[in-house]
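Values in this document were obtained by computation on a predicted structure and should not be read as measured data. Below, read A as the first sequence line, B as the second, and so on, with proteins coming before strands; counting in each chain starts at 1. Side-chain atoms are counted along with the backbone in the values below, which use heavy atoms only and exclude waters and symmetry mates.
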4 protein chains.
Amino acid sequence: MEPFMKEKIMKHSITLFESKGFSEASIRDIVNTLGVTKGTFYYYFSSKEELLTQIQLQYIDYMLEEQQRIIEQPDRTWKEKLSGIILMTIQAIEGRGSSARIFFRELLHISGDSLAAIKQKRDRFRLNVQSVIEQGIESGEFRDDLPPEMVAFSVLGACNWCYTWFKKGGSLSDTEVAAVYTEMFLNGINTIGNKC
Amino acid sequence: MEPFMKEKIMKHSITLFESKGFSEASIRDIVNTLGVTKGTFYYYFSSKEELLTQIQLQYIDYMLEEQQRIIEQPDRTWKEKLSGIILMTIQAIEGRGSSARIFFRELLHISGDSLAAIKQKRDRFRLNVQSVIEQGIESGEFRDDLPPEMVAFSVLGACNWCYTWFKKGGSLSDTEVAAVYTEMFLNGINTIGNKC
Amino acid sequence: MEPFMKEKIMKHSITLFESKGFSEASIRDIVNTLGVTKGTFYYYFSSKEELLTQIQLQYIDYMLEEQQRIIEQPDRTWKEKLSGIILMTIQAIEGRGSSARIFFRELLHISGDSLAAIKQKRDRFRLNVQSVIEQGIESGEFRDDLPPEMVAFSVLGACNWCYTWFKKGGSLSDTEVAAVYTEMFLNGINTIGNKC
Amino acid sequence: MEPFMKEKIMKHSITLFESKGFSEASIRDIVNTLGVTKGTFYYYFSSKEELLTQIQLQYIDYMLEEQQRIIEQPDRTWKEKLSGIILMTIQAIEGRGSSARIFFRELLHISGDSLAAIKQKRDRFRLNVQSVIEQGIESGEFRDDLPPEMVAFSVLGACNWCYTWFKKGGSLSDTEVAAVYTEMFLNGINTIGNKC
DNA sequence: GATGAATGAGACTTCATTCAT
DNA sequence: TATGAATGAAGTCTCATTCAT
């Protein structure tokens with residue numbers, strides 16, 4: 001009957017999981033919101049965990065795709081690519097905040113093969129950043145005295161942390177935040193005189 | 001008979017909440033581990049939420065105290081104070097990792113006045129960092145073209161994020177990570193030539 | 001499978017609530033008797049209080065219907081109508097004793113809107129009696145020197161009190177009790193000589 | 001320390017049992033109100049049921065004493081004695097309403113010998129009324145065509161029922177209510193013309 | 001595609017009570 | 001006299017899930 005029931009369920013679940021948390025949001029909550037019955041839910045998803053898995057996969061797959069697009073851009077410096085990833089990450093938090101929050105918070109409730117798959121993709125996203133750093137070092141754009149792994153962790157940490165405070169429609173736009181973050185990571189907060 | 005039953009309950013709960021998550025760890029889990037009964041639990045805590053509240057308060061109160069100690073140190077530059085806070089934050093994740101993880105993950109399960117109180121303390125911690133940045137700018141140690149609020153968010157984000165990956169006894173010590181993070185935030189990852 | 005599960009639950013609950021009291025009868029007691037699970041109970045009733053509410057509503061609705069039927073009878077004197085209500089009340093205690101006892105004893109455990117609704121119906125039942133008295137006074141059948149409100153309370157009190165002692169199958173039938181009560185209320189217990 | 005602790009516990013329990021019901025009022029409620037601990041409670045009462053028993057005994061013993069005083073009055077007609085008992089019953093509901101309500105509502109929670117003892121006293125109170133009726137019949141004051149048992153039940157029913165609606169400080173005083181009830185039971189509600 | 005009825009395990013919590021001190 | 005710590009049973013209720021239709 002409803003052609004996009006599955007999408008509707010996912011969409012409403014994302015809202016619910018964000019506001020109440022995965023464990024506290026019940027299947028009943030989900031289906032009540034939609035005016036359908038639990039049977040309908042189980043027609044589309046084999047379990048609550050599977051729903052969460054799909055939400056997480058949808059998010060990380062999107063992130064990986066966007067990241068790939070940026071990295072593959074020809075004629076861009078590594079600096080520009082890093083900057084592009086920072087912007088994209090914060091834009092995702094602005095545009096898909098609910099999914100992002102679920103992604104960062106609710107990994108604990110996934111188990112087995114799904115967990116392994118998601119962890120692998122998360123790692124891939126991070127290692128891609130690390131790879132950009134490494135290639136930037138090789139090309140001479142970035143300092144070679146900072147461990148790339150650490151740099152990647154710190155850049156991603158700062159960006160991802162935005163999910164805890166960034167509010168769409170607040171006083172700062174995603175672009176502005178990304179610009180400040182990029183400048184800070186590239187040149188530091190020291191006054192110029194202090195550096196050379 | 002047992003003089004420190006309350007402390008024992010808190011300690012074991014922290015372990016359990018970290019590994020299973022707050023919602024999935026049951027009162028039964030907690031008391032079984034300790035060999036006492038549920039009644040004992042409710043003698044010391046009026047609810048599961050209250051236990052979580054106390055865990056969070058214990059953590060943030062510790063963090064605020066440590067932070068205060070650092071900020072109040074005389075004869076230190078703002079740079080040193082910022083660096084001290086970065087180190088302290090990562091050390092807390094190393095030494096009190098379970099509490100830290102609960103602190104960052106399980107805010108959603110606290111409500112009402114407790115929530116307000118904890119949020120206020122979280123904010124205070126962040127605003128203290130921001131204040132260090134601002135005073136460093138005034139003293140000329142830090143650049144004045146980056147918004148202090150943003151800098152504080154980004155530094156704290158990077159440090160806090162360590163809770164997701166930092167493993168005690170891993171290949172990197174807390175001191176090493178803190179040193180790299182500090183260097184990166186102060187001077188950026190650009191090669192020197194790019195800056196001057 | 002079972003087509004009348006809800007009715008079965010209500011029926012057995014009435015028996016249990018009567019014998020053990022509402023608070024002492026547990027959901028477990030109810031479902032064990034029926035050989036179903038607690039889940040089944042909560043599929044039909046959202047709470048124990050709601051079950052009690054429905055039991056009370058079923059009783060008072062029945063009473064109001066019967067009362068209405070009596071009051072609406074044409075060609076009956078007010079005396080006959082009052083007598084009819086007395087008989088009906090005692091018959092209800094004989095025929096639906098368990099419900100009646102629950103109705104009189106367990107109002108305390110209902111709250112909120114349900115309580116208001118039930119109280120309103122209880123009042124309506126009493127005010128209907130009062131109205132019969134008032135109309136009997138106007139028609140000259142009843143004395144006009146006794147406050148109708150008080151008469152209604154006293155008649156209903158005497159009848160309702162039967163729930164504390166009347167036993168079906170005892171030495172006195174409901175009809176006999178009703179006849180005595182009616183005679184007493186109409187003519188008093190004074191010897192005739194005393195009156196005129 | 002506190003010389004009248006036991007009395008204080010009883011007094012507060014009566015208030016609590018009236019408003020929340022016996023089952024719903026917990027020992028904790030009782031001792032919290034008084035600022036003492038559960039241990040104190042169990043120093044004075046061996047169980048919650050024993051407390052209820054004592055409350056009920058206190059009430060029925062008082063009622064029996066008052067009744068005895070009335071019955072033993074010399075130079076009074078049976079009519080006057082019946083009228084005295086009616087007044088006394090309603091006065092007890094006015095002056096000791098909480099105890100009365102507990103007395104009528106919470107018999108179910110007493111068991112064993114205490115239950116037997118209380119039931120016997122309740123019966124004695126009723127049989128004393130019945131005896132007044134019987135002696136009034138013998139003396140020619142009351143009609144001999146109404147079964148005394150039934151008359152006693154009905155008079156007591158009407159009076160006791162006042163516990164469900166009589167409010168101290170309402171529009172009617174206990175004396176007024178008693179006067180109306182007495183008149184009604186003695187002479188009925190029929191108009192005079194209807195009787196002779 | 002979707003429903004309604006039922007399950008059964010387990011959740012948090014409260015309670016009357018005990019007992020050493 | 002009174003307390004504080006602990007018990008253990010039981011309470012109400014929610015939940016993810018199943019399955020015949």
task = Quick one: sort the C/Phe17 and C/Phe22 rings into parallel, tilted or perpendicular, breaks at 30° and 60°.
result = perpendicular
task = State which residues pass side-chain hydrogen bond (donor to acceptor under 3.5 Å, both in side chains) with A/Lys11; sequence neighbours excluded, sorted by chain then number.
result = none
query = Quick one: does C/Lys38 reach the base of E/dG10 with a side-chain donor-acceptor pair under 3.5 Å?
reply = yes
task = Could you tell me whether the side chain of A/Tyr44 reaches within less than 4.5 Å of the side chain of A/Met10, counting heavy atoms only?
result = no
key: B/Ile30 side chain near B/Leu51 side chain, heavy-atom distance below 4.5 Å   = yes
request  = Tell me what D/Thr40 touches on the nucleic acid: a base, only sugar-phosphate, or nothing, going by heavy atoms under 4.0 Å.
outcome  = base
ask   = About how many Å separate CG of B/Leu52 and OG of B/Ser47, when rounded to the nearest 0.5 Å?
value = 9.5 Å
message = Among D/Gln58, D/Gln56, D/Glu50, exactly one meets side-chain hydrogen bond (donor to acceptor under 3.5 Å, both in side chains) together with D/Gln54. Which residue is that?
response = D/Glu50
Please state how far atom [atom1] in [X] lies from atom [atom2] in [N], giving the value in whole angstrom units.
X       : N      : atom1 : atom2 : answer
D/Leu52 : E/dA16 : CG    : C1'   : 14 Å
B/Tyr42 : E/dA16 : OH    : P     : 17 Å
A/Glu24 : E/dA11 : CD    : P     : 13 Å
B/Glu50 : E/dT13 : CD    : C1'   : 14 Å
B/Tyr43 : E/dC19 : OH    : P     : 17 Å
B/Tyr44 : E/dT13 : OH    : P     : 18 Å
C/Ile27 : E/dA9  : CD1   : P     : 18 Å
B/Ile9  : F/dA6  : CD1   : P     : 8 Å

task = Using the six-membered ring of A/Tyr62, assess whether NZ or CZ of A/Arg96 lies under 6.0 Å from its centre and within 45 degrees of the ring axis.
result = yes
note = Writing each nucleotide of DNA chain E 5' to 3' as (, ), [, ], | or . by Watson-Crick or G-U pairing under 3.5 Å yields .||||||||||||||||||||
message = Between B/Gly39 and C/Arg28, which residue's closest nucleotide on DNA chain F lies nearer the 5′ terminus?
response = B/Gly39
inquiry  = By nearest heavy atom, map C/Ala25 and A/Ser47 onto DNA chain F; which one lands nearer the 5' end?
reply    = C/Ala25
Just compare [options] and give me whichever is closest to any side-chain atom of [X].
X       : options               : result
B/Ser26 : E/dA6, E/dC12, E/dA2  : E/dC12
D/Lys48 : E/dT17, E/dC12, F/dA6 : E/dT17
B/Thr37 : F/dG8, F/dT14, E/dT17 : F/dG8

inquiry  = Quick check: on DNA chain E, is the nucleotide nearest D/Ser23 upstream (toward 5') of the one nearest B/Phe41, or the reverse? Name the residue that is more 5'.
reply    = B/Phe41
